[in-house]
Amino acid sequence: MSTQFYNSLTKKKETFKPIEAGKVKLYTCGPTVYDMAHIGNFRAFMFEDLLKRYLLLKGFEINHIMNITDVDDKTIKRSFDENIPITELTKKYTDRFFEDLKVLKILPANIYPKATDHIPAMVRMIENLVKNNNAYITDNGSVYFAIDSYHDYGQLINLDFSQQKRTNRISSDEYTKDKPQDFVLWKSWKEEDGDVFWESPWGKGRPGWHIECSAMSTEYLGNHFDIHCGGVDNLFPHHENEIAQTICATGEPFVNIWMHCEYLTVERGKMSKSQGNIFRISDLVEKDFSGETLRYILLNTHYRSKLNFTMDKKHEAVQVVQRITDLYDRLLSINKTVENDGSLPEEYSQFEDALDNDLDTPGALAVFFEWVRKTNIKLDSGSLREKEAVTGLNFLDKVNSIFDLIQEKIEIPKEILDLVNIRQKARQKNDWVLSDKLRDKIYDLGWTVEDTLTGQKCKPLKS
RNA sequence: GGCGUCGUACCCAAGUGGUUUAAGGGGGCGGUUUGCAAAACCGUUAUUCACCGGUUCGAAUCCGGUCGACGCCUCCA
C-alpha cells in the first residue's frame, strides 16, 4: 500500500510523493509566544510529530521547520500589560514551549526560526508583491495584499464574500483597505506599539502575521516544498493568505500537500479563558498526567476528527501505557541468545497499512493490541521462543518510534528494595501475614509489588 | 445569512458499498491463574451504526429529508 495523506487543497487522500526522492521538506506553524500553549495547541504539534515520526519510519530524510511567532498584536499587548520588554516576554514563553515539547516527547524540528530574525526577508517579499501589483500602500504606510489580484484565492475554503456575515471587525476596523477582505502585509507603526518597530521602505512598522510564514518557509525550504501543516483554524485566513502572497511573490508553485488537524475541545466546546477551561501541559502534569498518557489520549483519535479532552480519559490512558510497558519488560527479561535479524511479526504490515491510510492511529493501535494479546498468551504459557521475543522487541521499537508510549524505567529506591527483600524472606517461610503487611507498606510508599513466576516485580504506582 | 464537519455499545474510538450477521481500548459482570492479590488470559457486554425515506442483488458506508452537536466567515493549533 502506498502512503496516503488527505490534502486540504484537493480535499481528498493522495499518494505521497516528495518533490525530491527520499527527502521531505516540512513546514509546521508554530506557537505565538505571548502565553503558555495549551493542550489544544499541542494537539496540532502532536499530530505534526506523528506525521514526522511516520515519515522517518518510512525512511525519509526530513527537513522540518517550525516558526516561532514572537511579534504580533498579542505579544505587544502582553508585554505592555506586564510592563516587560517584548523580548523578555517571548523568551520566557519560548522556553516554556520547549519544556512542554519535552514532556510530550515531541521530536524537535531542525530549525525554529523566529519572526523577528527574518524581517528583511519579509520586507523583500512585500517589495516583490508591491512591484507585481499584488499589494498596495495606504496613506498611513501600511501595505495590503489585494486579493482580487490573485484569481485562485479561496482554494482551501469556499467563501462567498457577498454572503458574508457582517462582523463588527469588518465594518468598523479596516476602513483604509480597498476591499474588506484584503489583508495586511505590513502594519505601520502606531503609538501603542512603543519601541516595537522595524524600518522599511514604507516607514517604520512591523510585519503582518501571514507574511512571516511565507518568508521563513521559503527561506529555509525553497519556494516549492512538500508539506505544510497546522490546525484547521489556520485554513482561513492564515493559510489561504499565505498561498496567495507566496505564489504571487515567487511566481512558482508553493506547497504540494496541506494537512490540518481538527480541533481539540473541552466539554464539547472551545477552550477559552473566560470559561476557565484552558489546560496547559504544566496543569496536566500537576494532575498526574504523564507525557505518555497525554500522547495516548492525543493519538488515539484520528487527527481529522474532533477530540473532546476530558479528565476521565486519563484512566484508560494509564492502563494502556502500563500494559504496553509491562509487555516490553517481559520481553526484555527473556534471555536471548539468538542474533537480531531485524525480523518483524506478520502484524507489522497491517500496522503500517493503517498508518499509510492517512495516519490512522486508532487502526494501527488496534492491530498492535491484537498482537499484544497474542504475545501475552505465549508468554503466559511459556511457549514464546527466543526468536519471537527478539521479533517482538523489534515490533515494539517500531510502534514506539511512532507512539512513544513505553514508560522509562524509574530506579527502585533502596528503601523500597529493602522492604521487597524482607518480603522475599517472609514468603520463603510462607509468612503471608508479614508478606501482605509489607505489600501494604510498599503500596503506601507509592510502589506496587506483583508476585510473578520469576519472583517479585516492583513498579511505581500508576498515575 | 453563507460555507463545512460530525452523530457507531456504559465510555473512548476505527471502519465510508460485499472477507463486518461492526475492529481495538477502557469500564462492568462471570471465569482461569494466585496463599490472597496484582498482572496476564478466557467468556460476556451493538442482530446494529441519530431518525425517516430512497438507490442497489447488497448500505453504518451512496442520495434526499428531519433532529441534534460542533466549527469557519479576518485573534486562534
Side-chain angles (χ1 to χ4, degrees), chain A residues 11 28-32 34 37-48 72-74 77 147 154 157-167 169-170 173-174 177 180-184 208-210 229-238 240-241 260-265 268-272 296-297 300-302 304-308 310 312-320 322-323 326-327 330 350 354 357 360-370 372-381 427 430-433 435-436 439-440 443 448-453 456-457 459:
Chain A
K11 294 170 184 66
T28 60
C29 282
T32 302
Y34 74 107
H38 54 65
I39 184 75
N41 302 124
F42 280 104
R43 184 190 188 190
F45 303 140
M46 187 65 79
F47 143 66
E48 289 150 3
D72 79 325
D73 294 350
K74 284 174 297 194
K77 183 173 184 307
I147 66 160
I157 193 159
N158 182 14
L159 278 181
D160 180 353
F161 290 126
S162 67
Q163 296 293 328
Q164 191 172 52
K165 190 176 180 178
R166 290 193 69 79
T167 66
R169 247 173 300 199
I170 287 183
D173 188 26
E174 311 286 8
K177 296 186 208 172
Q181 292 77 27
D182 289 348
F183 57 89
V184 71
W209 174 39
H210 316 300
C229 308
V232 283
D233 49 333
N234 281 155
L235 277 167
F236 187 86
H238 188 48
E240 194 69 61
N241 292 350
H260 296 90
C261 89
E262 253 295 346
Y263 262 119
L264 177 146
T265 57
R268 306 240 164 261
K270 270 177 91 160
M271 274 186 275
S272 69
Y296 176 78
I297 292 168
N300 189 223
T301 299
H302 185 91
R304 284 192 294 115
S305 296
K306 288 178 183 65
L307 165 56
N308 192 37
T310 55
D312 55 19
K313 290 207 166 175
K314 188 171 84 172
H315 180 79
E316 176 179 342
V318 165
Q319 294 292 338
V320 165
Q322 188 62 250
R323 187 165 170 226
D326 280 349
L327 175 60
R330 288 182 91 178
Q350 290 167 264
N357 179 21
D360 178 6
T361 45
L365 284 172
V367 172
F368 172 63
F369 283 121
E370 291 275 11
V372 167
R373 187 171 47 81
K374 275 166 62 179
T375 305
N376 271 321
I377 292 170
K378 286 183 189 166
L379 248 8
D380 281 354
S381 66
R427 296 179 65 72
N430 286 356
D431 186 348
W432 307 126
V433 176
S435 171
D436 290 355
R439 186 166 62 194
D440 289 345
Y443 185 89
T448 57
V449 60
E450 297 171 0
D451 299 310
T452 71
L453 283 173
Q456 298 181 82
K457 185 181 173 186
K459 56 192 183 190

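Here the structure is a predicted model, which is why all the values come from computation and not from measurement. Lettering follows sequence order; numbering is per chain, from 1.
If you take atom C1' in G25(B) and the same atom in A37(B), they sit 24 Å apart, rounded to whole Å. Straight-line distance between the C1' atoms of A14(B) and A23(B): roughly 6 Å, to the nearest whole Å. Comparing the same atom, C1', in U34(B) and in U21(B) gives a spacing of 39 Å after rounding to whole Å. With P as the reference atom, C70(B) and G30(B) are 38 Å apart, rounded to whole Å. Taking the C1' atoms as reference points, G27(B) lies 24 Å from U20(B), given to the whole Å. Going from the C1' atom of G68(B) to that of C57(B) covers 34 Å, rounded to whole Å.
Between Ser381(A) and the phosphate of C41(B), there is no side-chain N or O to OP1/OP2 separation shorter than 4.0 Å. The side chain of Asn376(A) places no N or O atom within less than 4.0 Å of a non-bridging phosphate oxygen (OP1 or OP2) of A40(B).
A donor-acceptor contact under 3.5 Å is formed by the side chain of Asp451(A) with the base of C36(B). Taking only distance into account, the side chain of Asp233(A) never meets the base of G71(B) through a donor-acceptor pair shorter than 3.5 Å.
Ring orientation note: the planes of His210(A) and His238(A) are tilted relative to one another, at an angle of 30° to 60°.
The backbone N or O of Asn308(A) sits less than 3.5 Å from a side-chain atom of Lys313(A), completing a donor-acceptor pair. In this structure a side-chain-to-backbone donor-acceptor pair under 3.5 Å is missing from Asn357(A) to Ala354(A). Gln181(A) places no side-chain N or O within donor-acceptor distance of the main-chain N or O of Ile147(A), the cut-off being under 3.5 Å.
When the nucleotides G35(B), A14(B), C42(B) are ranked by their closest atom to the side chain of Asp436(A), G35(B) comes out on top.
Using a 4.0 Å heavy-atom distance criterion, Asp72(A) is classed as making no nucleic acid contact. As judged by a 4.0 angstrom heavy-atom cut-off over every strand, Leu235(A) is placed among residues making no nucleic acid contact. Residue contacts shown for His238(A) are absent, as no nucleic acid heavy atom lies under 4.0 Å away. Contact annotation for Ser435(A): base contact, defined as any heavy-atom pair under 4.0 Å involving a base atom. When heavy atoms are screened at a 4.0 angstrom cut-off, Asp360(A) is found touching the sugar-phosphate backbone but no base atom. Among the protein residues, Lys313(A) comes within range of the sugar-phosphate backbone only, with heavy atoms under 4.0 Å from sugar or phosphate atoms but none that close to a base. The residue Gly230(A) sits close only to the backbone: its heavy atoms come under 4.0 Å of sugar-phosphate atoms, none of a base. Counting non-hydrogen atoms under 4.0 angstrom, Thr448(A) reaches nothing in the nucleic acid.
One interatomic measurement links the two molecules: NE2 of His302(A) to P of A13(B), which rounds to 13 Å at whole-angstrom precision. The CG atom of Leu453(A) sits 15 Å away from the P atom of A40(B) (whole-angstrom rounding).
Donor-acceptor pairing under 3.5 Å is lacking for the side chains of Arg323(A) and Asn376(A).
Rounding to the nearest 0.5 Å places CZ of Phe368(A) at 8.5 Å from OG1 of Thr375(A). Taken from CD in Gln319(A) to NZ in Lys314(A), the straight-line distance is 11.5 Å, to the nearest 0.5 Å.
Consecutive Watson-Crick or G-U pairs involving RNA chain B, each under 3.5 Å on both distances, make up stems of three or more pairs at B:1-7 with B:67-73, B:10-12 with B:24-26, B:27-32 with B:40-45, B:50-54 with B:62-66.
Listed by chain and residue number, Glu388(A) satisfy the side chain to side chain donor-acceptor pair (under 3.5 Å) test with Lys378(A) (two or more places apart in sequence, or in another chain).
Nearest-nucleotide positions on RNA chain B for Asn234(A) and Asp182(A) put Asp182(A) closer to the 5' end. Taking for each of Val433(A) and Arg304(A) the nucleotide of RNA chain B with the nearest heavy atom, the 5'-most of the two is the partner of Arg304(A).
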When you compare the protein's N or O atoms with those of nucleotides 25-27 of chain B, which come within less than 3.5 Å of each other, and at what distance?
unit_1	atom_1	unit_2	atom_2	d
G25(B)	O2'	Tyr296(A)	OH	3.4
G25(B)	O2'	Glu316(A)	OE2	3.3
G25(B)	N2	Glu316(A)	OE1	2.9
G25(B)	N3	Glu316(A)	OE2	3.3
G27(B)	OP1	His315(A)	NE2	3.1

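Glu370(A) has a carboxylate O that lies under 4.0 Å from a charged side-chain N of Arg373(A), or vice versa, which qualifies the two as a salt bridge. Looking at Arg439(A) and Asp436(A), a side-chain N of the basic residue comes within less than 4.0 Å of a carboxylate O on the acidic one, giving a salt bridge. For Lys457(A) and Glu450(A), the salt-bridge test fails: no basic side-chain N is under 4.0 Å from an acidic carboxylate O.
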